[in-house]
Participant: 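Handing you this structure, nothing more for now.
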Amino acid sequence: MRFTSSYIPTLRESPADAEVVSHKLLLRAGMVRQLTSGLYCYLPLGLKVINKIADIVRSEMDNAGFQELLLPMVQPADLWKETGRWEHYGKELLRFQDRNARDYCLGPTHEEVITSLVRGEVRSYRHLPVRLYQIQTKFRDETRPRFGLMRGREFIMKDAYSFDADVAGAEKSYAIMKDAYMKIFSRIGLKFRAVEADNGSIGGKFSHEFMVLADTGEDSIVVCPQCDYAANVEVAQNAADVCPCCRARLTRTKGIEVGHVFMLDKKYSEPMRAVFLDEAGSKQVMAMGCYGIGVSRIAAAALEQNHDENGCLFPPPIAPFECVLLNLDCRNMRVNEKIEELYAYLLKAGIDALLDDRDERPGAKFKDADLLGAPMQLTLGGKSLERGVVECKNRRTGEKSEIDLSAFGAAFPAWAAGVRENWGV
RNA sequence: CGGAGCGUGGCGCAGCUUGGUAGCGCACCUGCUUUGGGAGCAGGGGGUCGAAGGUUCAAAUCCUUUCGCUCCGACCA
C-alpha cells in the first residue's frame, strides 16, 4: 500500500479517554476509533490486523478438521428458554423484541443455535463427530466496558463447537482443539500459557484458558517453572504455593485471556435433546465441547505485551505491514525511482509493505513508522542513495544496518529472516 | 449498580475559585524559505464552552436537572 492513497489517520497525542497502552496505541496508529462506550470502528489498518489474526485462526481450525460456517447473531428467546439461560444469563444478554413482540437476543455465544442446528441434522453415530466453527461479531452488554478493545461490548470472536458420541470422543475433540490453540498463539508470535480455569456461566466439566502474558493483564495466574502446569488463581487457591504435578514452587504472573476451551459434556445437548442412535440402535445424547478465541482482543493483548515509548511492536504475522519503506526525499526523482524498485521487489517477494510516499519531513515519517509498529523499516533518501545503500532498522531491537542496493535482492531475505527470528516466528 | 473524575474548534489543554459574550499548542488552508528524528516566518479559516432549565443588566464561569465518557469497586464464556 501507498501511504498517500491510504486512510491512516495517525494521532500525535492520545485521546484523553484512553487509559491503557493498547487503547492509546490503536487510536494513535489510526487503527480504531471509538463510537461509544464499548463499541469500536475498525479502520483499514486495524482491520488488516484483525484479518491477519483471523486468517491464522482459520487455517489452524481447518487443519484441526473443523469446518467454518456462519450463524445468525440475532437469536430467538425460545432456544435460550430451552437451556434455561434466558432466565439465568443476566443482563449481559441484550434482549429485544421484533415488530410482532417476539423476544430475541443478540448472540453473546452460540451454544443454543449450533445445538439446534446439529440436532436437526444428525441422526446416527455414523455422522459424529461434528466439528464446526465461525468467526463473527458477538455482543455482550458488559456492566463496565473498559480498556478499549480489551473489554468491549461488541467484539470479534472465533467460536467452535464439537459434537461427539460419547465423553471419550468429546475429550478427543477437546484435545485436538487445545493443540490447535497452542499452534495458533505460537504462530501469532505471542508469549502465552494455557491454564486450568473456572467454567463460569458457560458451564461444563472442565476448561482451559489461554493467557497472553502481560503485566497489565486482568487475570492472575500461577505457573510452574518446571512443568506445564499453570492455573488461573480462581481455581488454584488451595495449591497457591506448590505445583500439584511436580511440587515445584509456583510463580504468580498476570495474563490476558484470549482463548478458552470448555468440555461441556451434556450441559446443552441434554436439555435441548441433541440425540442420535448408537450402534445398538439406542438413543444417546451427544457430548459437546465449545472453544472460543477473542480475535479482536488478541490485537489489544499483542500490544499490551509488545510496545515501547515510540509505539507499537507488532509480531510480524499480525502486523498491519511487515515492512515500511520510507522515502525521505520525495522530490528527488532518482530516489523515487529506486524506492519504487524496492517496493516492487518487496511486493513480488510477498512482503506486505507500506510505502511512505508522503511529501513530509523525515522526522514525521520516522515517528509514524515507529508508531505503526511494522517489524521492518527500510529507509532511502538522497544521502543513502549516493552511498548506494538502503538503511534497515529492526523496529523491535532498534538495530540498524545497511544493505547495498546493488545486492538488495540477495541480502534482504537474510535480514528479514533475522527480524522474524527475533520474534520466534 | 456504589464511589471518584471529566465534558471548552479535529486532537491535547488553559480560563471557572473572585460572572463582563473565548484563549494556547498541535493539526488544517495560502505564500515564501526549508527537508535525515514530528521545520521557520507571515497571513488565514474554524468553537459560543455536552444538553435543558434557572439566578443575573450580563453565565464557559453560580444553582438545578439531564446526557455522555473515563477510572476504582461489584460483575465478567
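All heavy atoms count here, side chains included; hydrogens, waters and symmetry mates do not. This is a predicted model, so every value here is computed, not measured. Lettering of chains follows the sequences in order, A, B, ..., and the numbering in each one begins at 1.
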Participant: Work out how far the P atom of B:C62 is from that of B:A74, and round it to whole angstrom.
Facilitator: 35 Å

Participant: Within the modelled atom types, does a donor on one side and an acceptor on the other bring the side chain of A:Asp329 and the base of B:G36 under 3.5 Å apart?
Facilitator: no

Participant: Listing request: all side-chain hydrogen bond (donor to acceptor under 3.5 Å, both in side chains) pairs with a residue in residues 374-388 of chain A, at least two apart in sequence or in separate chains.
Facilitator: A:Asp370-A:Gln377, A:Ser384-A:Glu391, A:Arg387-A:Glu402

Participant: Kindly give the heavy-atom pair with the smallest separation between A:Lys158 and A:Val57, and that separation in Å.
Facilitator: CG-CG1, 3.4 Å

Participant: Given that A:Glu92 and A:Ala16 both sit by RNA chain B, which one's nearest nucleotide is further toward the 5' end?
Facilitator: A:Ala16

Participant: Over all strands shown, is A:Lys158 touching base, sugar-phosphate only, or nothing at heavy-atom distances under 4.0 angstrom?
Facilitator: nothing

Participant: Can you confirm whether or not the ring centre of A:His260 sits under 6.0 Å from the ring centre of A:Tyr181?
Facilitator: no

Participant: I want to confirm an ordering. Mapping A:Phe147 and A:Gln377 to their closest nucleotides on RNA chain B, which one lands closer to the 5' end?
Facilitator: A:Gln377

Participant: I need the CZ-P distance between A:Arg12 and B:G38, as an integer number of Å.
Facilitator: 9 Å

Participant: If you take any heavy atom closer than 4.0 Å to RNA chain B, which residues from residues 36-65 of chain A end up in contact?
Facilitator: A:Thr36, A:Ser37

Participant: Distance check needed: B:C76 P versus A:Phe262 CZ, whole Å only.
Facilitator: 13 Å

Participant: With a 3.5 Å cut-off and just heavy-atom distances, do the side chain of A:Arg361 and the base of B:U34 make a donor-acceptor pair?
Facilitator: yes

Participant: A:His110: what forms a ring pair (Phe, Tyr, Trp, His ring centres under 6.0 Å) with it, not counting sequence neighbours?
Facilitator: none

Participant: For the aromatic rings, using the six-membered ring if either is Trp, is the centroid distance between A:Tyr291 and A:Tyr161 under 6.0 Å?
Facilitator: no

Participant: Select one nucleotide: of B:G37, B:U70, B:G38, the one nearest the side-chain heavy atoms of A:Arg28.
Facilitator: B:G38

Participant: To the nearest Å, how far apart are A:Leu372 CG and B:G38 P?
Facilitator: 17 Å

Participant: Quick test: give all pairs of protein nitrogen or oxygen and nucleotides 29-31 of chain B nitrogen or oxygen below 3.5 Å, distance rounded to 0.1 Å.
Facilitator:
none

Participant: In whole angstroms, how far is the C1' atom of B:C28 from the CG atom of A:Leu11?
Facilitator: 14 Å

Participant: Could you point out which residue of A:Glu218, A:Arg297, A:Met150 forms a side-chain contact (heavy atoms from CB on, under 4.5 Å) with A:Glu257?
Facilitator: A:Arg297

Participant: Say you pick atom P in B:C69 and the same atom in B:U33; how far apart are they, in whole Å?
Facilitator: 49 Å

Participant: Would you say the side-chain atoms of A:Tyr174 pair up with the backbone N or O of A:Leu264, donor to acceptor, closer than 3.5 Å?
Facilitator: no

Participant: Taking only the side-chain nitrogens and oxygens of A:Arg144, find out if one of them lies under 4.0 Å from OP1 or OP2 of B:C72.
Facilitator: yes

Participant: If you look only at distance, which donor and acceptor atoms sit under 3.5 Å apart when one is on a side chain in residues 183-195 of chain A and the other is two or more places apart or in another chain?
Facilitator:
residue	atom	partner	partner atom	Å
A:Lys183	NZ	A:Asp179	OD2	3.3
A:Ser186	OG	A:Met182	O	2.8
A:Arg187	NH1	A:Ser59	OG	2.7
A:Arg187	NH1	A:Glu60	OE2	2.8
A:Arg193	NH2	A:Asp228	O	3.4
A:Arg193	NH2	A:Tyr229	O	3.4

Participant: Atom CZ of A:Phe366 to atom C1' of B:G38: distance rounded to whole Å?
Facilitator: 12 Å

Participant: What integer distance in Å separates A:Met157:CE from B:C76:P?
Facilitator: 16 Å

Participant: Could you tell me the separation between the CG atom of A:Asp219 and the P atom of B:C75, rounded to a whole number of Å?
Facilitator: 14 Å

Participant: Using atom P of each nucleotide, how far apart are B:G23 and B:A60 to the nearest Å?
Facilitator: 13 Å

Participant: Taking N and O atoms by type only, does the side chain of A:Arg151 place a donor or acceptor under 3.5 Å from a partner on the base of B:C76?
Facilitator: yes

Participant: Between B:A27 and B:C11, how far apart are the C1' atoms? Round to whole Å, please.
Facilitator: 8 Å

Participant: If I take atom CG in residue A:Leu380 and atom C1' in nucleotide B:G36, what distance separates them, rounded to the nearest angstrom?
Facilitator: 12 Å

Participant: Is a side-chain donor or acceptor of A:Arg131 paired with a backbone partner of A:Phe163 at a separation under 3.5 angstrom?
Facilitator: no

Participant: Quick one: side chains of residues 12-22 of chain A, donor-acceptor pairs under 3.5 Å with protein atoms, not counting sequence neighbours, listed by atom name and distance.
Facilitator:
residue	atom	partner	partner atom	Å
A:Ser22	OG	A:Glu304	OE2	2.7

